[in-house]
Amino acid sequence: MDDVELSRIPAQRELPEPVKFAWPIMLLPEMFATPRHLALVLGYLASIGWEAFVPDLRAAYGKDPMPPIEKLHFNDLAALASEALEGIGRDAVLLGHGVGGLIALKLSAHPRVKASVAYAPLVPGFSTPLFGGIGNRIAMMLGRPIKPPRGRVLFELIADSDPFTRDGLINAMVPDSGALATDVMTGAIEFAPSDKAAPRLVVAGDSDILAPLQETTKFAESIGAKLATIRGRGHWLIGGRALERAINETQRFLVRALGQDLLLLYPEEWKNEPPE
């Protein structure tokens with residue numbers, strides 16, 4: 001793993017040997033999460049031949065022209081992700097979890113994006129329990145950062161993670177922007193129509209109470225995104241047994257959507273994938 005900079009944004013980069021795919025993947029985390037929470041995804045992608053980047057967007061919070069965390073809105077985060085993408089200097093695939101998935105879908109209209117994939121994206125206009133609690137409601141009204149979930153909501157968030165990683169995942173969670181959370185829950189986010197965007201995939205667990213499948217399905221349909229469902233899994237599709245299944249769905253989608261131009265090396269099982 002290498003430490004690199006994407007424009008002014010520090011990032012982690014995995015460069016496998018050999019690289020099997022024509023374009024890299026850039027990963028974006030959920031609310032309250034950091035690049036550490038995407039370590040398993042980064043390693044898994046590298047193990048199957050993807051060059052992958054995880055930018056630390058938080059490192060740019062409060063640095064001109066970005067506002068501090070308490071004033072950071074969804075479009076500010078999207079602008080930071082766009083800056084990191086441009087720092088790669090090549091076309092790329094975006095893959096995000098939760099609010100990171102929404103950012104990936106938002107940036108599907110960017111000319112550098114070949115495809116966008118969202119794992120368990122938060123649903124615009126849905127009052128997700130992820131931001132719940134009296135303290136967080138007050139913080140959002142006062143324009144302050146909000147705290148990571150506790151109790152049952154925390155359990156639902158990480159229930160599908162590997163047991164040996166849970167303490168580390170919890171301890172690594174950090175406060176996040178109440179303004180951004182408000183944007184998500186009020187639905188104050190616009191997405192390009194499908195004919196003006198790169199191919200988009202939403203991967204959802206059918207047991208996710210933080211982004212329920214029924215709401216996620218409606219959202220995916222509203223933006224013309226493909227939907228893949230992971231049975232028996234909740235919100236944490238970036239670890240545990242859900243991860244392999246989510247990445248398998250992602251691989252199939254990307255090969256079908258982008259064709260064999262995606263493949264630098266041609267695994268037999270993907271040669272005959274039909275195009276979308």
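For the numbers below, each heavy atom of this structure counts, side chains included, while hydrogens, waters and symmetry mates do not. These figures come from a predicted structure and were not determined experimentally.
In this structure, the side chains of I247 and I48 come closer than 4.5 Å at one or more pairs of heavy atoms. The closest side-chain heavy-atom distance from I189 to V184 is below 4.5 Å. Taking the side chain as every heavy atom from C-beta outward, L38 and I238 approach each other to under 4.5 Å. Inter-residue side-chain proximity for Q214 and F126 is flagged as unmet; no heavy-atom pair is nearer than 4.5 Å. P124 is not listed as a side-chain neighbour of F74, based on a closest heavy-atom distance of 4.5 Å or more.
Here D162 pairs with nothing under the salt bridge (charged side-chain N to carboxylate O under 4.0 Å, His left out) rule; sequence neighbours left out. Taking R90 as the reference, E51 meet the salt bridge (charged side-chain N to carboxylate O under 4.0 Å, His left out) condition, with sequence neighbours excluded. Every residue was checked against the salt bridge (charged side-chain N to carboxylate O under 4.0 Å, His left out) condition with D208, not counting sequence neighbours, and none meets it. Under the ring-ring contact (aromatic ring centres under 6.0 Å, His included) criterion, Y44 pairs with no residue at all, not counting sequence neighbours. Qualifying salt bridge (charged side-chain N to carboxylate O under 4.0 Å, His left out) partners for R200, counting only residues two or more places apart in sequence or in other chains: none. Every side-chain contact (heavy atoms from CB on, under 4.5 Å) that D195 has, sequence neighbours left out, goes to P193. Remark: A204 pairs with L213, T216, L227 by the side-chain contact (heavy atoms from CB on, under 4.5 Å) rule, at least two apart or across chains. Partners of R245 by side-chain hydrogen bond (donor to acceptor under 3.5 Å, both in side chains), not counting sequence neighbours: none found.
Distance alone, capped at 3.5 Å, places no donor-acceptor pair between the S108 side chain and the S116 backbone. R137 places no side-chain N or O within 3.5 Å of a backbone atom of G132 that could act as its donor or acceptor partner. Side chain of S82 to main chain of A78: no donor-acceptor pair is present (N/O by atom type, distance under 3.5 Å, no hydrogens or angles). The backbone N or O of S161 lies less than 3.5 Å from a partner atom in the side chain of R166, making a donor-acceptor pair. Between the side chain of D183 and the main chain of H73, no donor-acceptor pair closer than 3.5 Å is present. Panel note: side chain H110, backbone A198; no donor-acceptor pair is recorded below 3.5 Å. With Y119 contributing its side chain and A246 its backbone, the two residues share a donor-acceptor pair below 3.5 Å. Between the K20 side chain and the L263 main chain, no donor and acceptor come within less than 3.5 Å of each other. Remark: the backbone N or O of I9 is not paired with any side-chain donor or acceptor of S7 at under 3.5 angstrom. Distance alone, capped at 3.5 Å, is enough to place a donor-acceptor pair between the D206 side chain and the G232 backbone.
When the shell of 6.0 Å around CD of E5 is examined, it contains more than 12 heavy atoms from other residues, nucleotides or ligands.
In the hydrophobic clustering of ILVMFWY residues, with side-chain heavy atoms under 4.5 Å counting as a link, L57 and V174 come out apart.
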Chi angles and distances behind the side chain to side chain contact (heavy atoms under 4.5 Å, CB included) call for D261, W23: CA-CA 10 Å; D261 287 346; W23 302 292; 4.1 Å; yes

Derivation of the side chain to side chain contact (heavy atoms under 4.5 Å, CB included) call for W236 and H97: CA-CA 8 Å; W236 203 262; H97 177 225; 3.9 Å; yes

Stepwise side chain to side chain contact (heavy atoms under 4.5 Å, CB included) check, M66 with Y61: CA-CA 6 Å; M66 283 298 127; Y61 291 6; 5.8 Å; no

Derivation of the side chain to side chain contact (heavy atoms under 4.5 Å, CB included) call for V93 and M26: CA-CA 6 Å; V93 173; M26 189 173 86; over 6 Å; no

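For the pair P55 and L6, the tightest heavy-atom approach, listed with the atom from each and the gap, is CB-CD1, 4.3 Å. Heavy-atom minimum distance, P175 versus P145: CB-CB, 4.3 Å. Here the closest heavy-atom approach between residue S177 and residue M31 is recorded as O-CE, 3.6 Å. Closest non-hydrogen pair, A109 versus A192, comes out as CB-CB, 3.7 Å. Of all heavy-atom pairs spanning Q251 and W50, the tightest one is OE1-NE1, 2.8 Å. Contact detail for A60 and R8: the closest heavy-atom pair is CB-NH1, 4.1 Å.
With side-chain heavy atoms closer than 4.5 Å counting as contact, directly or through intermediates, the hydrophobic cluster containing L142 also holds I134, I138, M141.
Going from atom CG of L45 over to atom CD of E14 covers 9.5 Å, rounded to the nearest 0.5 Å. Going from atom CG of L80 over to atom CG of N75 covers 11.5 Å, rounded to the nearest 0.5 Å. Separating the CD1 atom in I230 from the CZ atom in R241 is a distance of 14.0 Å, to the nearest 0.5 Å. Note: L122 CG to L102 CG = 5.5 Å, rounded to the nearest 0.5 Å. With rounding to the nearest 0.5 angstrom, the CG atom of L210 is 11.5 Å from the OG atom of S207. One distance of note links NZ of K114 with CG of L258; it measures 6.5 Å at 0.5 Å rounding.
Within the structure, the salt bridge (charged side-chain N to carboxylate O under 4.0 Å, His left out) test picks out the following pairs touching residues 54-76 (sequence neighbours left out): R58-D176. Sorted by first then second residue, the salt bridge (charged side-chain N to carboxylate O under 4.0 Å, His left out) pairs that include residues 25-50, not counting sequence neighbours, number zero.
Ion pairing between a basic and an acidic side chain is recognised when a charged N comes within 4.0 Å of a carboxylate O; E249 and R252 show such pairing.
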Sequence neighbours excluded and cut-off under 3.5 Å, please list the side-chain donor-acceptor pairs for residues 146-158, or say none.
none

